Amino acid sequence: MTVRVRIAPSPTGDPHVGTAYIGLLNWSFAKHHGGKFILRIEDTDQTRCSESSAQAIYDSMKWLGLTYDEGPDVGGDRGPYVQSERVKLGIYRKYADQLIAQGDAYYCFATARELEAMKARQRAANEPIMYDRRYRGFDLEEAKKRVASGEPYVIRMKTPLEGEFVYRDRLRKQPVVKGWKEIDDQVLLKSDGWPTYHLAAVVDDHLMGITHVIRAEEWLNSLPKHIWLNEKLGFTAPEYVHVGLLRNADKSKISKRKNPTSLLWYRQQGFLPEALLNFLALLGHSHPDGIEKFDLTEMARFFDLDRINVAGPVFDLAKLRHLQGLYFRELDAERAKAEVLKAVETRFEQLFPILRERMACGGDFLAQAEPYYADAVTHHVEDLIPKGLVKEDARALLEDAQRAFKQHIAADGTVWDAPSLEKLLRDLIAEKSQVPPIGATPEQEAAAKRWTTKNLFGLVRVAATGRRETPPLFDTLAAIGAMKSIERLGAAQMKLR
RNA sequence: GGCCCCAUCGUCUAGAGGCCUAGGACACCUGGUUUUCAUCCAGGCGACACGAGUUCGAAUCUCGUUGGGGCUACCA
């Protein structure tokens, strides 16, 4: 049997470092066994996915050197490799209909509102929160009439009500055991007619001849559903293997608020793909001879799925930097020079337009650009206190602004550019400067008065750059970047203690 | 809350009953090289979460406790 593995990222936002990690594992496994590595795009959520994100995934994988044998932009004989295209072919609906016909799935007409009420009740009663299978016993003929009449519906899987599910994951000591009664009747086909992940992935893995599914452990809980679907659809299930999740320093699942998760960032920052990959290869996994620096070829040679450690590793940028230094310093002079030039040029292109007006001669550029690329800036306390305010006021303003920034970048699909930052701060001011219509205390009124553009913008400017005079604030923040901006706002607050 | 997963230095890991007074790497500290810094070299600090078993013997097996994490969507 030829090994066929895949990664199936969802094209939402920037290409993720987790995709690179799982990609590396799958790639190595495939290459080690002389198998195929496939890329499939899972874009069944029409509201969150975008073509540009998909393109960024292709680019990133190529940049890393994790070349795939089959995929959207390289073809293959099991395509198409983009699920939205497969939806149009009616692939998933066919299987959903099959399940309905077999009595293994059913139509459900519960509205979002109805389900919300159900959950609220369950929460209040302290019951487990899950779909209560209210349409499970609904008459099929009746349901078909309602479907034909155009009423919105979803198709749900009819999972067993009792018994246990047992599956052995080769990386776990104990078999995975779950009671079927805890597994709810998951939606397979959404009301927009598109499949959910569960249906789409199982169907595609089968159709694409996938033999092993190596994925993150966040999927472990839905394993029963996937095995069950394979069974009911008459497929031979691939072997499912769950590896640990990459973590932040606080052990929570890696997130862009606490770590650079975008592959674009690493690339733009000048990290070498070899170094990133090498670093990733050291997470949850090690070279049998204890060597720490090795390349993809070597990785493919020694990779052993059974030696993976499933405890989620903390993603430690310091170690990446160390490895990166090793690789960078052994570059020949020409390549090293090219790397530096590339980095400088990127920054230059970005900064020049906003600095130009403030320059009198070319030499001014370096000095004026300093706050943009410096690791940290020095704050003068007196600059950080807007006229008429005291230390504590300034700190409070900064704290709220920083919180708003953090929430902004933590949310899905947001970008760190000038227009959205301006909107963010203006909205914040609008909100904070509201005085309760009745019964406002003098303190509340005073606090609201402090929320002016003059105060906040000036304060954020100094906090982010260490200077009173800068190019327009939002361009400046955008150019500095989210991580650094937030960090500097934090540093400014410390200074105000 | 419910269900599931996990547990060796701060971090990444080696370790599959005696080779372990637990090895390596990053970070940190000290010294050397370097006009300085970085690199490089030498050294140091530093962990088997806890408690019961099983065994002649446990980091390694079992159970419990604790801790951490994930899932709990018409997102993946």
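So you know, we letter chains A, B, ... as the sequences are listed, proteins then strands, and number each from 1. Quick caveat, the model's predicted, so the values are computed rather than measured.
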Handout entry: Donor-acceptor pair present, A/K319 side chain and B/rA25 base, under 3.5 Å
Key = yes

Handout entry: Rounded C1' spacing from B/rC37 to B/rA16 in Å
Key = 46 Å

Practice task
Using a heavy-atom cut-off of under 4.0 Å over every strand shown, decide if A/W219 touches base, sugar-phosphate, or nothing.
Solution key: base

Exercise for the section: Classify the side-chain pair A/R247/A/S252 by whether it contains a donor and acceptor separated by less than 3.5 Å. Expected result: no

Exercise for the section: Report, as yes or no, whether the 6.0 Å neighbourhood of atom CZ on A/R78 holds more than 12 heavy atoms from other residues, nucleotides or ligands. Expected result: yes

Exercise for the section: Report yes if at least one side-chain N or O of A/K119 is closer than 4.0 Å to OP1 or OP2 of B/rG2; otherwise report no. Expected result: no

Handout entry: Partners meeting side-chain contact (heavy atoms from CB on, under 4.5 Å) with A/L341 (sequence neighbours left out)
Key = none

Exercise for the section: Using both distances under 3.5 Å as the test, list the Watson-Crick or G-U wobble partner of B/rC56, or none. Expected result: B/rG18

Practice task
Report yes if at least one side-chain N or O of A/K251 is closer than 4.0 Å to OP1 or OP2 of B/rU11; otherwise report no.
Solution key: yes

Practice task
Using heavy atoms to find the nearest nucleotide of RNA chain B for A/S286 and A/E218 separately, return the residue whose nucleotide is more 5′.
Solution key: A/S286

Practice task
Please determine, for B/rC9, whether a Watson-Crick or G-U wobble partner exists with both distances under 3.5 Å, and give it or none.
Solution key: none

Practice task
Determine whether any donor atom in the side chain of A/E292 lies under 3.5 Å from an acceptor atom in the base of B/rG24, or the reverse, and answer yes or no.
Solution key: yes

Completion exercise
Per nearest nucleotide of RNA chain B, the residue lying toward the 5' end, A/L220 or A/H285, is A/L220

Exercise for the section: Return no unless some side-chain N or O of A/K190 is found under 4.0 Å from OP1 or OP2 of B/rC75. Expected result: yes

Exercise for the section: Could you tell me whether A/T44 contacts a base, only the sugar-phosphate backbone, or nothing, with contacts defined as non-hydrogen atoms closer than 4.0 Å? Expected result: sugar-phosphate

Practice task
Rounded to whole angstrom, note down the P distance from B/rG69 over to B/rA76.
Solution key: 26 Å

Exercise for the section: Taking only the side-chain nitrogens and oxygens of A/K253, find out if one of them lies under 4.0 Å from OP1 or OP2 of B/rC71. Expected result: yes

Problem - Pair A/Y81-A/D73, side-chain donor/acceptor within less than 3.5 Å - result: no

